[in-house]
Colleague: 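Sharing a structure below in structure tokens format, with a few things to ask.
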Amino acid sequence: MELTKNFEPAAVESKWYKHWLSQRYFNSKPDSRPPFTVVIPPPNVTGVLHMGHTLNETVQDILVRKARMSGFNACWVPGSDHASIATEAKVVGMLKEKGIDKNSLTREEFLKYAFEWKDKYGGIIYHQIERLGCSVDWDRTTFTMDDHYYKAVIKVFIDLYNKGLIYRGARMINWDSSAKTALSDEEVEYKDLIGKLYHLQYKLDTDKETYIRIATQRPETIMGDTAICVNPHDERYAHLKGVYAFVPLINRRIPIIFDEYVDLEFGTGALKVTPAHDINDYNLGLKHNLEVVDTINEDGTMSDAAQIYVGEDRFVARKKIIKELEEKGFLTKEEAYSTRLGYSQRTGVVVEPRISTQWFVKMKELAKPALKAVVDGDIKIHPGDKFLATYKYWLENVKDWCISRQLWWGQQIPAWYDADGKMVVAETLEEAKEIFHNQYSILNPTLTQDADVLDTWFSSWLWPTQVFKGITKPGNQEVKYYYPGSVLVTGQDIIFFWVARMVMAGMEYEKQVPFKDVYFTGMVRDKLGRKMSKQLGNSPDLLVLIDKYGADAVRFGIMVSSPAGNDLMFDENSLEQGRNFNNKIWNALKLLKMWEARQLGDGSRESGDGSRESGDGSWESGDGSWETGVGSTGHNSQLTSHDFAIHWFQNRLYKVKSEVDELMKQFRLSEALKTIYSLIWDDFCSWYLEWIKPGFEQPVDANTYSKTINYFEELMQLLHPYMPFVTEEIYHLLKEQRDDLCVKQFSAVKEADEHILSHGELLKQVITAIRDGRHKNQLKPKEIIKLFIETDNKENYTSIESILNKQVNADGISFTNKAIANTIVVAVENDKFYLQTDKELDTLTLKEDLLKDLEHQKGFLASVEKKLGNARFVQNARPEVIALEQKKKADAEDRIKTIEESLSTIS
RNA sequence: GGGAGCAUAGCUCAGUUGGUUUAGAGCAUCUGCCUUACAAGCAGAGGGUCCGCGGUUCGAACCCGUGUGCUCCCACCA
């Protein structure tokens, strides 16, 4: 089979994804294995996946695939969120384009359009999740407006109402006058800007023509003023006790009240109190029993109560009122003032504080167990405790949650009203009537349902439970098996919106935490550090990236630059690195395929072709009796060297496998990936394959070949959770496989032999040092050298002779016990290497380099000696630290001696 | 205004109870290679006042204090 020049992801990706689906590898049913449950943070149904989702989904897939390959029954539930405000806004916009006004439709008609819209665009995110290779159980796909889910939300509402945890009340809320809905505090975004502060004078109701001055940013609200407030300690106003003032333009008579809330320093020291339009004024109004005059309609226009400019938009009215105030002499001063304004996260309009009747959840009691779960460590937050403090603070200071939204897209609040305004809460009209009958003795009343729907988060907080029908069928087999989930992966920005509330719902309805670990990913920014957003247009299209680089490369790119919990600077550069990594692996495959054709069956070695059957991960190198340096010369030195390489790489694998396990346990996924990357690229490709590579068109012995194939398989398995497509493809190309990598179980981690590993490190160091010596002396790669080694441990080198020869292009190794004149001298630890060449050496440069090194070594020696000469150090430091310093000293002295010797050989 | 975090190579970051040779990786840069798996590559190299200052200690990138600069969260003074 002819392999292409480079790895070509497109066909491979769709082939394997289809295959995995057809084998139902991603589908989970309760069984005797331990579960590993992950519920996807459901993306907005009409949205597209942005890079933040890509990061989240990739992280989840890595954890899920790793668990699936480690004996767990992995279950990853996909789904989407109806996202009431965002989706309704989109549907309204779509209707507008068609020339349809939402207000001309009935609720039913509108919902029909909304569901059509959802069916049309809701598939996009699922397609993207699929292209990314996510191993989700598609049979479990859940939408937060599915029938069962809708019922669960209603059921919970009724339950909390009956427990007294949901109430209806008049409250100051954040009002979005464009969407005509209340917003939660979290949906308001504040922006700094320069506004204007207007100083107005209100005429006092006294005999004389006297005024009191106030300052306001919002002159259009003066018609809602019901008091003027000053500080009781303010001497300027002490004489105004019991005095009244008149609101300009409309001449309403209002009292002057006294409260310490007012800041003496700010403005004029007198505050106009407008309870209907400011949260602080509202609280002041409650305290002083002030009248509430609501002068602004729900669409942001002036109301009848304003008396003037009725029906005009609030900002238009502001301009006109300023003009009129000025003309009539009430405006005394205008000044620039930097302030913060709240904007609706959804529609972008300025949020209007407004009195409104809304539904609320009492949070205090629900918050307690949710706080305890995290404080007690039942839920562990990663990374570290970075977010613990924020989580705690929010729950300790939690405020009641406004859950009603003036929208149609969502779960309609199950409250029923009769003509007199009597209200009951019930799931159906019939039940409501029954309750009316029982409670009020009213038979068959005409009831209307509350028009509002519930906040989207009021459905999302049930997600970990209800995807397994835990609310609608409490205690069912599935929820008992899968709940609580193993890990929740989400963005740190929704820690309050979602994470804390899921914990509350979980504690309330399942009596245990919804997940054991929470992994917070950072925000994805562009490479300039800016948040990715539609407005900036700096968020790339995921599918375009996958087409360009391949899904594995995208996954690699986003993971390699993603330290846990920190923001990620997204740079396409890293995707390119991922693509190059694919190719590197692909090319290693091509090399092995070349060897496959010309293997050498070697009867003297224990494993012929038979060993190729040992695909169960249990191969061992020979009989395990590794002996260094025995019979290491002559014709079989190559085989001995191969044994070394095989033994060394086996142990590198053991070592890295346990490192990766440890890193992944700590959710340090980026580091685990880098570790695997380096094992494959550096240790496997750059070192191991070069060490065992046969000469040009020479055969490779069967044992080496089969071991190498097995290592390659193990590497692919190790990498598979990160890069599932390329690894599965190569696993099957390496040899005929009966199984799939996707579900191949990891073998137990074995302890590595540190001795062989450090021998390998020494070899690498020696090769690099000699190559550096060659390079510095302008020896061309093709120029052959003779190598002399001065060492106390000859067997270190005899066992790897052929590797060393090949890697430094030497034509033979000899040992010596003294310096050799006119050679390039290289030192590694205590061993010296003399590179002899026919080429004329640049002695000047050689000398310079040696002198530079000498200086460095002397400086180092001096610092060590200083340390050892310090009596207090010798007294206080631990013995092993002192021993180490003594070794440093001895080594440095040795090196200095070597350098001086070498210098003396240079004429 | 209150709180949290960060500051290490040109960039992005490691550095796991203070001591493993005067600090590591990837990317980028430079030098030499079209060596038959791979130029999307190979071999090598250079590059750091560990933000400033002060302290604790025999010893500090690491602990303490302080200053500066950035980021985030919370609150929302008319």
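Chain identifiers are assigned alphabetically (A, B, ...) following the order of the sequence lines, protein sequences preceding nucleic acid strands; residue numbering begins at 1 within each chain. Just so you know, these numbers come straight off a predicted model, no measurement behind them.
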Colleague: Just checking Asn870(A): base, sugar-phosphate only, or nothing, at a heavy-atom cut-off of under 4.0 Å?
Modeller: sugar-phosphate
Colleague: Side chain of Asn580(A), heavy atoms from C-beta onward: which of rA40(B), rA78(B), rC76(B) has the nearest atom to it?
Modeller: rA40(B)
Colleague: Over how many whole Å does the gap from Arg774(A) atom CZ to rG44(B) atom P extend?
Modeller: 12 Å
Colleague: Do side-chain atoms of Arg895(A) reach the backbone of Leu854(A) as a donor and acceptor pair under 3.5 angstrom?
Modeller: no
Colleague: From rU20(B), rC74(B), rA14(B), pick the nucleotide closest to the side chain of Glu671(A)?
Modeller: rA14(B)
Colleague: Where the side chain of Ala877(A) is concerned, which of rA45(B), rG19(B), rA78(B) is the nearest nucleotide?
Modeller: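 Nearest listed nucleotide: rG19(B).
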Colleague: Could you tell me how far apart Gln577(A) (CD) and rC13(B) (C1') are, to the nearest whole angstrom?
Modeller: 13 Å
Colleague: Under 3.5 Å, is there an N or O donor on one side and an acceptor on the other linking the side chain of Arg579(A) and the base of rA40(B)?
Modeller: yes
Colleague: Nearest of rC27(B), rC58(B), rG44(B) to any side-chain atom of Phe873(A)?
Modeller: rC58(B)
Colleague: Please tell me whether Phe684(A) and Phe712(A) form a close aromatic pair, meaning their ring centres lie under 6.0 Å apart.
Modeller: yes
Colleague: With the threshold set at 4.0 Å, does a side-chain nitrogen-carboxylate oxygen contact exist between Arg314(A) and Glu220(A)?
Modeller: no
Colleague: Which whole number of Å gives the distance between the C1' atom of rU8(B) and that of rC13(B)?
Modeller: 9 Å
Colleague: Verify, without hydrogens or angle tests, whether Arg354(A) (side chain) and Ala276(A) (backbone) share a donor-acceptor contact under 3.5 angstrom.
Modeller: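 Pair absent, no side-chain N/O of Arg354(A) close to backbone of Ala276(A).
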Colleague: Backbone N or O of Met723(A) within a donor-acceptor pair of the Arg555(A) side chain at under 3.5 Å?
Modeller: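 Here the side-chain-to-backbone pair does not exist.
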Colleague: If I pick the C1' atom on rA78(B) and the same atom on rC73(B), what distance separates them, to the nearest angstrom?
Modeller: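 Per the computed distance, 25 Å lies between those C1' atoms.
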Colleague: For nucleotides rC42(B) and rU35(B), find the distance between their P atoms and express it as a whole number of Å.
Modeller: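 rC42(B) and rU35(B) have their P atoms separated by 14 Å.
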Colleague: Is the aromatic ring of His775(A) within stacking range of rU31(B), meaning centres under 5.5 angstrom and planes under 30 degrees?
Modeller: no
Colleague: Send over the distance from Asn6(A) CG to rC38(B) C1', rounded to a whole Å.
Modeller: 8 Å
Colleague: Rounding to an integer number of angstrom, what distance separates rA61(B) and rC6(B) when you compare their C1' atoms?
Modeller: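 Result for the C1' pair: 14 Å, nearest Å.
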Colleague: Which nucleotide in the list rU22(B), rA78(B), rG19(B) gets nearest to the side chain of Gln217(A)?
Modeller: rA78(B)
Colleague: Taking the ring of Trp595(A) and the ring of Tyr705(A), is the distance between their centroids below 6.0 Å?
Modeller: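 Tyr705(A) vs Trp595(A): aromatic centres not under 6.0 Å.
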Colleague: Looking at rC13(B), I'd like to know if its phosphate oxygens (OP1 or OP2) sit under 4.0 Å from a side-chain N or O belonging to Ser561(A).
Modeller: no
Colleague: Is there a side-chain contact between Asn876(A) and the phosphate of rG59(B), meaning an N or O under 4.0 Å from OP1 or OP2?
Modeller: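 It does not, given that no N or O in the side chain of Asn876(A) lies less than 4.0 Å from OP1 or OP2 of rG59(B).
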Colleague: Taking any heavy-atom pair under 4.0 Å as a contact, classify Leu271(A): base, sugar-phosphate, or nothing.
Modeller: base
Colleague: When you measure from the side chain of Lys806(A) to the backbone of Trp691(A), do you find a donor-acceptor pair of N or O atoms at a distance under 3.5 Å?
Modeller: yes
Colleague: Measure CG/Asn573(A) against C1'/rU29(B) and give the value in whole Å, please.
Modeller: 13 Å
Colleague: Using the C1' atoms only, state how far rC63(B) lies from rU56(B), rounded to an integer number of Å.
Modeller: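 Comparing C1' positions in rU56(B) and rC63(B) gives a spacing of 8 Å.
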Colleague: Evaluate side-chain contact (heavy atoms from CB on, under 4.5 Å) for Asp259(A) paired with Asn231(A), printing each intermediate quantity in order.
Modeller: CA-CA 5 Å; Asp259(A) 197 292; Asn231(A) 195 300; over 6 Å; no
Colleague: Quote, to the nearest angstrom, the P distance that separates rC53(B) from rA60(B).
Modeller: 15 Å
Colleague: To the nearest Å, give me how far apart NE2 (His856(A)) and P (rG46(B)) are.
Modeller: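 Between P of rG46(B) and NE2 of His856(A): 11 Å.
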Colleague: Any side-chain N or O of Tyr677(A) less than 4.0 Å from the OP1 or OP2 oxygen of rC27(B)?
Modeller: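 Answer yes for this pair, as a side-chain N or O of Tyr677(A) is under 4.0 Å from OP1 or OP2.
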Colleague: Is the shortest side-chain N/O distance from Lys5(A) to OP1 or OP2 of rA39(B) below 4.0 Å?
Modeller: yes
Colleague: Heavy atoms under 4.0 Å, any strand shown: does Ser574(A) hit a base, just sugar-phosphate, or nothing?
Modeller: nothing
Colleague: What is the distance, rounded to the nearest whole Å, between atom CD of Glu396(A) and atom C1' of rC73(B)?
Modeller: 15 Å
Colleague: What about the rings of Phe556(A) and Tyr549(A), do their centers lie closer together than 6.0 Å?
Modeller: no
Colleague: Check this for me: does any side-chain nitrogen of one of Glu783(A) and Arg774(A) sit under 4.0 Å from a carboxylate oxygen of the other?
Modeller: no
Colleague: If you check every side-chain atom of Lys867(A), which of rG19(B), rC42(B), rA45(B) has the closest atom?
Modeller: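 The nucleotide sitting nearest to the side chain is rG19(B).
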Colleague: Do any N or O atoms of the protein come closer than 3.5 Å to N or O atoms of nucleotides 33-37 of chain B, and which pairs are they?
Modeller:
| residue | atom | partner | partner atom | Å |
| --- | --- | --- | --- | --- |
| rA37(B) | O2' | Asn587(A) | OD1 | 2.8 |
| rA37(B) | N7 | Lys693(A) | NZ | 3.4 |
| rA37(B) | N6 | Cys685(A) | O | 3.4 |
| rA37(B) | N6 | Glu690(A) | OE2 | 3.1 |
| rA37(B) | N3 | Asn587(A) | O | 3.0 |
| rA37(B) | N3 | Ala588(A) | N | 3.3 |

Colleague: What contact category does Asp263(A) fall into here, base, sugar-phosphate, or nothing, at under 4.0 angstrom with non-hydrogen atoms?
Modeller: base
Colleague: For Ile767(A) and Arg878(A), find the nucleotide of RNA chain B closest to each by heavy atoms; which residue's nucleotide sits nearer the 5' end?
Modeller: Arg878(A)
Colleague: Could you check whether Asn280(A) gets within reach of a base, just the sugar-phosphate, or nothing at all, counting any heavy atom under 4.0 Å?
Modeller: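 It contacts sugar-phosphate atoms only.
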Colleague: Remember a base hit wins even if backbone is also touched, and classify Phe860(A) as base, sugar-phosphate or nothing at under 4.0 Å, heavy atoms.
Modeller: base
Colleague: If you measure from the Lys or Arg side-chain nitrogens to the Asp or Glu carboxylate oxygens, is any gap between Glu596(A) and Lys593(A) under 4.0 Å?
Modeller: yes
Colleague: Name the nucleic acid region contacted by Gly859(A), choosing base, sugar-phosphate or nothing; use a 4.0 angstrom heavy-atom cut-off, strictly under.
Modeller: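 Gly859(A): base contact, heavy atoms under 4.0 Å.
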Colleague: Between rA14(B) and rA7(B), how far apart are the two C1' atoms, rounded to whole Å?
Modeller: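 Taking atom C1' in both rA14(B) and rA7(B), they lie 15 Å apart.
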Colleague: Check whether any side-chain N or O of Asn777(A) sits under 3.5 Å from a backbone N or O of Gly773(A) as a donor-acceptor pair, and report yes or no.
Modeller: yes
Colleague: Looking for any heavy atom pair under 4.0 Å, which part of the strands does Val262(A) touch: base, sugar-phosphate only, or nothing?
Modeller: base
Colleague: Quick one: is rC58(B) close enough that its OP1 or OP2 comes under 4.0 Å of any side-chain N or O from Gln875(A)?
Modeller: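 Gln875(A) to rC58(B) OP1/OP2: no side-chain N or O under 4.0 Å.
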Colleague: In residues 219-233 of chain A, which ones come under 4.0 Å of RNA chain B, going by heavy atoms?
Modeller: none
Colleague: Can you tell me how far P of rU16(B) sits from NE2 of His382(A), to the nearest Å?
Modeller: 19 Å
Colleague: Salt bridge check, Arg579(A) against Asp552(A): does any charged N sit closer than 4.0 Å to a carboxylate O?
Modeller: no
Colleague: Is a salt bridge present between Glu690(A) and Lys693(A), judged by a nitrogen-to-oxygen distance below 4.0 Å?
Modeller: yes
Colleague: Which whole number of Å gives the distance between the C1' atom of rG46(B) and that of rC27(B)?
Modeller: 16 Å
Colleague: Taking CG from Asp682(A) and P from rG44(B), how many angstroms apart are they, rounded to a whole number?
Modeller: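 After rounding, the reported distance stands at 10 Å.
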Colleague: In plain terms, say whether Lys764(A) and Glu761(A) are close enough for a salt bridge, that is, a side-chain N and a carboxylate O under 4.0 Å apart.
Modeller: yes
Colleague: For RNA chain B, what is the dot-bracket line, given that a base pair needs Watson-Crick (N1 to N3, plus N6-O4 or O6-N4) or G-U wobble (N1-O2 and O6-N3) geometry with both distances under 3.5 Å, and | means paired with another strand?
Modeller: (((((((..((((.....[....)))).(((((.......))))).....(((((..]....))))))))))))....
Colleague: Below 4.0 angstrom, N of the basic side chain to O of the carboxylate: do Lys665(A) and Asp661(A) qualify?
Modeller: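 Between Asp661(A) and Lys665(A) there is no salt bridge, as every charged N stays at least 4.0 Å from the carboxylate O atoms.
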